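For clarity, every value in this text was computed on a predicted model and none was experimentally measured. Residue numbering restarts at 1 for every chain, and letters A, B, ... go by the order of the sequence lines.
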There are 2 protein chains.
Amino acid sequence: MPMNIKEVARLAGVSTATVSRTINGSDKVTTETAERVKRAIEQLKFYPNTNARALGSGKSSLYGLIISDITNPFFPELVKSFEDMAVQYGQEVLIANTNYDKHRMEHCVVRMLQRKVDGVAIMTSEMEEHLIDELSSRKIPLVFLDMGTVQRGISNIAVDYPAGIDAGVAYLRELGHEHIGFISGPLNLVPAQVRHKGFMKSMRRQGLTVDKSLMQEGNHRMDGGHDAMARMLKSKRRPTAVMTSNDVTAIGAMGAIYEHGLKIPRDISVVGFDDIAMSAFTQPALTTVRLPRDEVARVAFRALYGTQNAATAKGVEYRIEPKIVIRNSTGPVRG
Amino acid sequence: MPMNIKEVARLAGVSTATVSRTINGSDKVTTETAERVKRAIEQLKFYPNTNARALGSGKSSLYGLIISDITNPFFPELVKSFEDMAVQYGQEVLIANTNYDKHRMEHCVVRMLQRKVDGVAIMTSEMEEHLIDELSSRKIPLVFLDMGTVQRGISNIAVDYPAGIDAGVAYLRELGHEHIGFISGPLNLVPAQVRHKGFMKSMRRQGLTVDKSLMQEGNHRMDGGHDAMARMLKSKRRPTAVMTSNDVTAIGAMGAIYEHGLKIPRDISVVGFDDIAMSAFTQPALTTVRLPRDEVARVAFRALYGTQNAATAKGVEYRIEPKIVIRNSTGPVRG
DNA sequence: CTGTTAGCGCATTCAC
DNA sequence: GTGAATGCGCTAACAG
C-alpha cells in the first residue's frame, strides 16, 4: 500500500495540491481544511518524501558541511553548532569527512553536487581549485574557513591566526621564555603553513631567535604531537616552552614530555590552539588560544543562509579574533 | 541550461535509458556505446541527481546513523568507521544527533523516514517504543547498540558490559582496593542503569560492599564526571579507587581529583570505559575497559547491509566482548 | 481558497 | 543491445 500525498488527499477529501499547501504552511488554506488535512496526515503517519520534494521544488533545504577529520574534537563541536543552527532554521546538514585526503575530498564534493545542496561550508583546506569551480560554477553558495578569496557567492571566515599566535608568544615572553619550540600541522596544507610562518614572524618581532631543531612538524593529531615533541626533546638545547598548531597536538606533546620525566609547567610550558573542551581537563589544564567554534559555525551558517543565490550575492569576509586563555600549563621560566 | 541525463543522451547520441544503464553498470550495453556515454558524462561534468534516482528506483542507498552526542569522542570514532564502510560499499550515511534528548530523537527519526533510508543504526538509547515501530513497521532494517530485543528486521549488538565492568573491579581487587566508587551515566537511560547495576553486582561477587555515597550519577560528559567526583570526595570515607561509566567521565573525574590535591594512582586509582583515543594520552594514561568502536561500526554496517529487506530477514544478535586495557591510572592501594 | 495539470530527473518496464 | 513510454511523490503554475 503506497503511502503518499495522494492517500492523505483522499482521506481528507481534498486535492493533493491542498495537502502540499498545508504541509508547506501556505496561508491560502482555510484553517478548517488545514485541520482536516493535518488530522489525515497524523492518522496515516504520513511523512513527505524529501527526495520528491527536492525534485519538485528544485531546492534541497540541505547544506553541505565539509570537515577534515571528525575524530579531531575541534570538528564535532563545530558540527554540533552548525547543526543546531540548521535545526533552528529548518534546514538539514550533510556532513562529509575528507580525512585530510584530497581524493576523498573529491568524493565529498561529488556527493554535494549529486544531492543538489543549497550551499557548502568548507571547513577544511584540502580543497583544489577545480573542485571549487565545480561548485561555484553551479551557483552554489560557498563559505570557507580561512581559505581563498572572497568572490561572487564565495564568503570567507578569516581567522587572525598570526594575532592569536602572537598573543601566545608574547605571553610566554612575559614569563621569561626565550627558547620556544613550535609543533605545526602537516606543512603541505596552507593553514598549517600560515601558522608556522606566523610563529616565526612573531618570534622575530619579540626579538627572539628561532631554533630550527625546535620547529617540528606534526599532523594535527595526538600521535603527531607526541612524536614531534619526542624529537624536539632530543635536540641539544631543550626548549623551555612549546606552542602547538592545535590543542590535540598539544595534548600529544604533553604526553611525550611526561614520558621524558619532565614536569609541566615546571620544566616546559605548553600552549595550545583552539581551546577544545578537553583542554580544561588536561593535567595541568592547558593554556591555549581560543578559536570559538560556535561562532565559526554560526557565521558559516549565516553566510550560506543569507546567500541564497550565488549568482547575485557577493561574498563577505568575516573576521574572527582568537583570544588567549590562560590556564596552568604555562609558568615562569626556571632560573 | 538544464544539466541532466537528457543532455548526456543527446551528446552521446543515445537514449536516456542507455545513459541510465551505463551509469548503473548494466551489462546490457556495448562496451563501445558505454565508452561514448562516459565521455559525454565527463565532458558535461554530469552528476546524476540523487533525489531523482532515489525517487525513480525506490532505493536511497542511504543508511541512517543515530548517535547521542557527536561531542563525545566515542561517537566520532564510530562514525568514521561506519562511513569508511559505507564508502567502501557505495552507500551514503545520514548522521543524526539526539543530544541525549528524546524530543530531538523524534526529529531524527522523522528525517530518516523522509529520506527513505535503507536502514538505521541506532547507537543511542533515547529511543522510545513508538519510534521504533514507526521505523520497523515500514520494513526498515534496524540495528541497535545493546538495546531491545532481536526481531524480524531488527538486529542487536550486545555488549557484555557486566563482563567488562567485572574485569575492572577484579583488577582493582587484585591491587588491594576494597573501597571502590562508581560514577554512572544519566540513570534515566537504560544502558547507564545496566552498567550501574553491573557494578554493584560485580562488587558483591567480589565480596565487597557498596557504599551508597560512592555511587554517583554523572552525565557521560566531562563536567558530569568532574562534579560527581567532587561530590564523592566529600564523603566520609574517601574511595581508594573509582570506576566510571565511560572515559570522558573518567577524565572529568581525574580533574576533580587533582583539584582536590590528590595524586593518581597514588591516592586514588581510576578506571574508565570505552578506551577513546584520548585515554592513552591523559596524565597518567588511563586504565580502561576497551569497547572497540571500529568493530561495533563494522558489525552495525554489515547487519544493515546484509538485511536489505526487513520483511523477510530475521534479526541477528551480535556479541562484543570488552577487554581491560591496563595503563597507569591504577596502582596498588596504599598501606 | 481549491482543484487540475504539467513537469522535476531518473529507473524501469516493454517493444523492437 | 537499444529506444520509447510510464511512473516515482511532490511542487508549482494556471484556472476557476
(request) Name all pairs fulfilling the side chain to side chain donor-acceptor pair (under 3.5 Å) condition that reach into residues 292-306 of chain B, sequence neighbours left out, sorted by first residue then second. (result)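 As it turns out, the side chain to side chain donor-acceptor pair (under 3.5 Å) pairs with a partner in residues 292-306 of chain B, which skip direct neighbours, are E77(B)-R293(B).
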Nucleotide nearest [X] (side chain, heavy atoms from C-beta), chosen from [options]:
X: T33(B); options: dT11(D), dG1(D), dC10(C); answer: dG1(D)
X: R53(A); options: dT2(D), dG9(D), dT11(D); answer: dT11(D)
X: A52(B); options: dC10(C), dA11(C), dG3(D); answer: dC10(C)
X: L55(A); options: dG9(C), dC10(D), dG3(C); answer: dG9(C)
X: A17(A); options: dG3(C), dA11(C), dT2(D); answer: dG3(C)
X: S57(A); options: dC1(C), dA12(D), dC10(C); answer: dA12(D)

Rounded to the nearest Å, what distance is computed from the [atom1] atom of residue [X] to the [atom2] atom of nucleotide [N]?
X: N24(B); N: dT12(C); atom1: CG; atom2: P; result: 7 Å
X: K116(B); N: dC10(D); atom1: NZ; atom2: P; result: 7 Å
X: N51(A); N: dT11(D); atom1: CG; atom2: C1'; result: 14 Å
X: D27(A); N: dT2(C); atom1: CG; atom2: P; result: 12 Å
X: R36(B); N: dG1(D); atom1: CZ; atom2: P; result: 15 Å
X: N49(A); N: dG9(C); atom1: CG; atom2: C1'; result: 14 Å
X: R21(B); N: dG9(C); atom1: CZ; atom2: P; result: 20 Å
X: K6(B); N: dG3(D); atom1: NZ; atom2: C1'; result: 14 Å

Any [X] side-chain nitrogen or oxygen under 4.0 Å from OP1 or OP2 of [N]:
X: T18(B); N: dG3(D); value: yes
X: N4(B); N: dC8(C); value: no
X: S20(A); N: dC10(D); value: no
X: S15(A); N: dT4(C); value: no
X: T30(A); N: dT2(C); value: yes

(request) Using the six-membered ring wherever Trp is involved, compare the ring planes of Y63(B) and F301(B) and label them parallel, tilted or perpendicular (cut-offs 30° and 60°). (result)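 Taking F301(B) first and then Y63(B), their aromatic rings stand perpendicular (interplane angle over 60°).
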(request) Could you check whether the rings of Y100(B) and H220(B) sit parallel, tilted or perpendicular, using 30° and 60° as the cut-offs? (result)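 Because their plane-to-plane angle lies in the 30° to 60° range, the rings of Y100(B) and H220(B) count as tilted.
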(request) Output yes when a side-chain donor or acceptor of D101(B) lies under 3.5 Å from a complementary backbone atom of R104(B), and no otherwise. (result)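 Checking the backbone N and O of R104(B) against the side chain of D101(B), a donor-acceptor pair under 3.5 Å is found.
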(message) Would the distance check show the side chain of N4(B) and the main-chain N or O of E7(B) forming a donor-acceptor pair, the cut-off being under 3.5 Å?
(response)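 Side chain of N4(B) to backbone of E7(B): a pair is present.
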(message) Measuring from atom CE of M105(B) to atom CG of N97(B), what distance do you get when rounded to the nearest 0.5 angstrom?
(response)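 Atom-to-atom, M105(B):CE and N97(B):CG are 10.5 Å apart.
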(request) Classify the nucleic acid contact of V14(A) as base, sugar-phosphate or nothing, counting any heavy atom under 4.0 Å across all strands shown. (result)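 V14(A): backbone/sugar contact only, no base atoms under 4.0 Å.
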(message) Over all strands shown, is P48(A) touching base, sugar-phosphate only, or nothing at heavy-atom distances under 4.0 angstrom?
(response)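 Sugar-phosphate only.
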(message) Which is more 5' along DNA chain D, the nucleotide nearest G56(B) or the one nearest T16(B)? Just name the residue.
(response)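 It is T16(B), whose closest nucleotide lies nearer the 5' terminus.
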